[in-house]
Amino acid sequence: MCGIFGYIGQNTNIELGLNALKRLEYRGYDSAGAAWFNDEKKEIFYIKKTGRIKSLEEEINKSVFPKIGNPFIFHTRWASHGGITDANAHPHYDCHKNIFLVHNGIVENYRVLKQRLSEEGHKFYSDTDTEIIAHLIEKFFKGNLEEAVMSALKLIEGTYALVVISQKDPNKIVAARKSSPLLIGVGEKENILASDASAVIGRTKKVVYLNDDEVAVLTPNDFNIFNLDNIKKEKVIDEIDWDLEEAQKGGYKHFMLKEIMEEPEAIQNAILGRLIEDDGNVKLGGLDSVESRLRNIEKLFLIGCGTASFASQVGEYMIEEYAGIPCEFDIGSELRYRKPILDKKTAAIFVSQSGETADTLATLKEFKNKGLLTLGITNVVGSSQARETDAGVYTRSGPEIAVASTKAFIGQLTTLILFTVYLGRQREMSLVMGKRIVSELVKLPDLANQILKTDSEIRRLAEKYKKYHNFFFIGRKYNYPIALEGALKLKEISYLHAEGTAGGELKHGPLALIDENVPTIAICPSDSVYEKMISNIQEIKARKGLVLAIATEGNEEIKKIVDDVIYIPKTLEMLTPILTTIPLHLFAYHIADLLGRDIDKPKNLAKSVTIE
Ligand code: G6P
């Protein structure tokens, strides 16, 4: 989740690095740093600072150092080993300040290595695992930086996206990757390294994605990629289609609000060109290569973390009900430590916006090692998950900048509906049912737009509810995971306590907390569990609890029972989670905004959790 930017080329103004780093800010960080080689002085200068990139910029401007340099490396850190201090910020360097590097990931065996290096006389100045890498490279350095990096990496257990420069081999940048994203931006007389495409767009759209155990050597006019044994590898240059414009706020106060407003578009993009209405079926080109294997699967795992885990859970219910495949949902950080019963007829769908979530990826690798069919539902094209799964479908939700996932979640739900139809039509799903789902899907973007039009009403409700400190969100069946999503969204951006629970679980504990100070958001569209939800709402009302219901248009009865209602248009039960989510996202957003929270970058959280 840290950000990396490295540059070598005709530009020598290091401000370029600061600007690129700012485009990585959304990833969440607690400190920032830079190092640059000044050719005139033949020296690498560096500055590291806790806090925002602005503070780093001020430090650089205040300093007496020349602001000219090439190559240069920039970094934003999200602390994992060692506290948030200037010393622990990156870049890190060796004993003689010859080698400087930035690193995303974790050196798992750093204690052993540190002990060994200390005995050999190396002096450490930080508490980080990263610093070990600089000293290891120093140990192996004999004039050629990439050779030293390769030797060092052979001793490291763990994960890394690593970018290194040296003042004794200064006309290159060396980079390496293992389980942490890193790409090369290929420009005109310049080459760039970044942990994320948003740092290179604006300068180039040509990128090369590094794979695990690859080492890249960049000069201004060239780049070469090797394995750890220094054998050269061929690489393909990809073209990215996101421009900088797309990644900007588009006039909204926050990225999050912009992204919620893009939810109808996220549905549209996910279904575009994929529906075959006459056949009641879908076309998912990304699954062509595994079509016959999918016909034979007898069990399906759905795996994700955070918001993506709730999409996976909805997917479990949908695929089970409509495709008739036994499904099991779990979160990445649990499944990887379990011993699930797997056989060759089991497949797994990994759901992730970034495609870089460490726990999801670790489970993916485990399933792959066991020879199972792995599929991805991913937003970021070319991400680790997209590349490592056997096949998959992109959600096409576009760049999501706000830390809290919104439109990407809608894209995941929509893509899971497509998966359901695909798998169902391979099996028992009737033509009539396929057609019904597909024709309802076509209407969904418009229905979603109708909900967005109630934004000012939701803001008014947010005004009323913002004074409470504890909330319950309840739902059943398809809307149980949405209750979890509604609660997570509220707590992560407003810092108010919110708990999602299944309606049926209320009387097994949560009811003890209900009184006039604890409002409940009850998701109760007119579906197969509506009556049960009404019973739950009555239980709350009997204890003087305040209830805000999400109900289906035309349901006048509910107004007599609850305190407030947000209506959603009618659709198929299986599709309601998409519509019920939208008002919950807006509700969380407006409460957080009214409370003046740092909505796009909530404290302690990061967009892409690339450590376990
Ligand atoms: C973080 C983000 C969440 C996201 C989760 C999973 O916690 O803050 O918004 O849902 O990671 O991320 P993924 O990229 O795998 O969907």
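As the structure lists them, so they are numbered: ligands from 1, and atoms in each ligand from 1.
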Novice: Counting each atom of ligand 1 from 1 as listed, which ones have a heavy atom of Ser354 under 4.0 Å away?
Specialist: 13 (P), 14 (O), 15 (O)
Novice: Could you tell me, atom by atom, which parts of ligand 1 come under 4.0 Å of a heavy atom of Ala308?
Specialist: 10 (O), 16 (O)
Novice: Thr395 pairs by side chain to side chain donor-acceptor pair (under 3.5 Å) with which of Asn379, Thr414, Asn269?
Specialist: Asn379
Novice: Tell me: protein heavy atom nearest atom 3 (C) of ligand 1, and distance?
Specialist: Val403 O, 4.0 Å
Novice: Among all protein heavy atoms, pick out the one at the shortest distance from atom 7 (O) of ligand 1; state its residue, atom name and that distance to 0.1 Å.
Specialist: Val609 CG2, 3.9 Å
Novice: Less than 4.0 Å is my threshold; does some heavy atom of Cys305 fall inside it relative to ligand 1?
Specialist: yes
Novice: Among protein heavy atoms, which sits nearest to atom 11 (O) of ligand 1, and what does the distance come to when rounded to 0.1 Å?
Specialist: Lys607 O, 3.8 Å
Novice: Applying the side chain to side chain donor-acceptor pair (under 3.5 Å) criterion to Glu263, which one of Lys407, Gln268, His585 satisfies it?
Specialist: His585
Novice: Quick one about Thr307 and Glu485 (side-chain donor to acceptor, distance below 3.5 Å, no hydrogens or angles considered), yes or no?
Specialist: yes
Novice: Measure the acute angle between the ring planes of His103 and Tyr160, then classify it against the limits of 30° and 60° as parallel, tilted or perpendicular.
Specialist: tilted
Novice: Relative to each other, are the rings of Phe471 and Tyr468 parallel, tilted or perpendicular (30° and 60° limits)?
Specialist: perpendicular
Novice: Write out the residue and atom name of the closest protein heavy atom to atom 8 (O) of ligand 1, then the distance separating them to 0.1 Å.
Specialist: Ala606 O, 3.0 Å
Novice: Please report which non-hydrogen protein atom sits nearest to atom 12 (O) of ligand 1, along with the residue it belongs to and the distance in Å to one decimal place.
Specialist: Thr357 OG1, 3.3 Å
Novice: Checking Lys477 against Tyr317: charged group under 6.0 Å from the ring centre and within 45 degrees of the axis?
Specialist: no
Novice: Note the single closest protein heavy atom to atom 10 (O) of ligand 1, along with its residue, its atom name and the distance in Å.
Specialist: Thr307 N, 3.1 Å
Novice: How close does the nearest protein non-hydrogen atom get to atom 16 (O) of ligand 1, and which residue and atom is it?
Specialist: Gln353 N, 2.6 Å
Novice: Does a side chain donor of either Gln353 or Ser405 reach within less than 3.5 Å of an acceptor in the other side chain?
Specialist: no
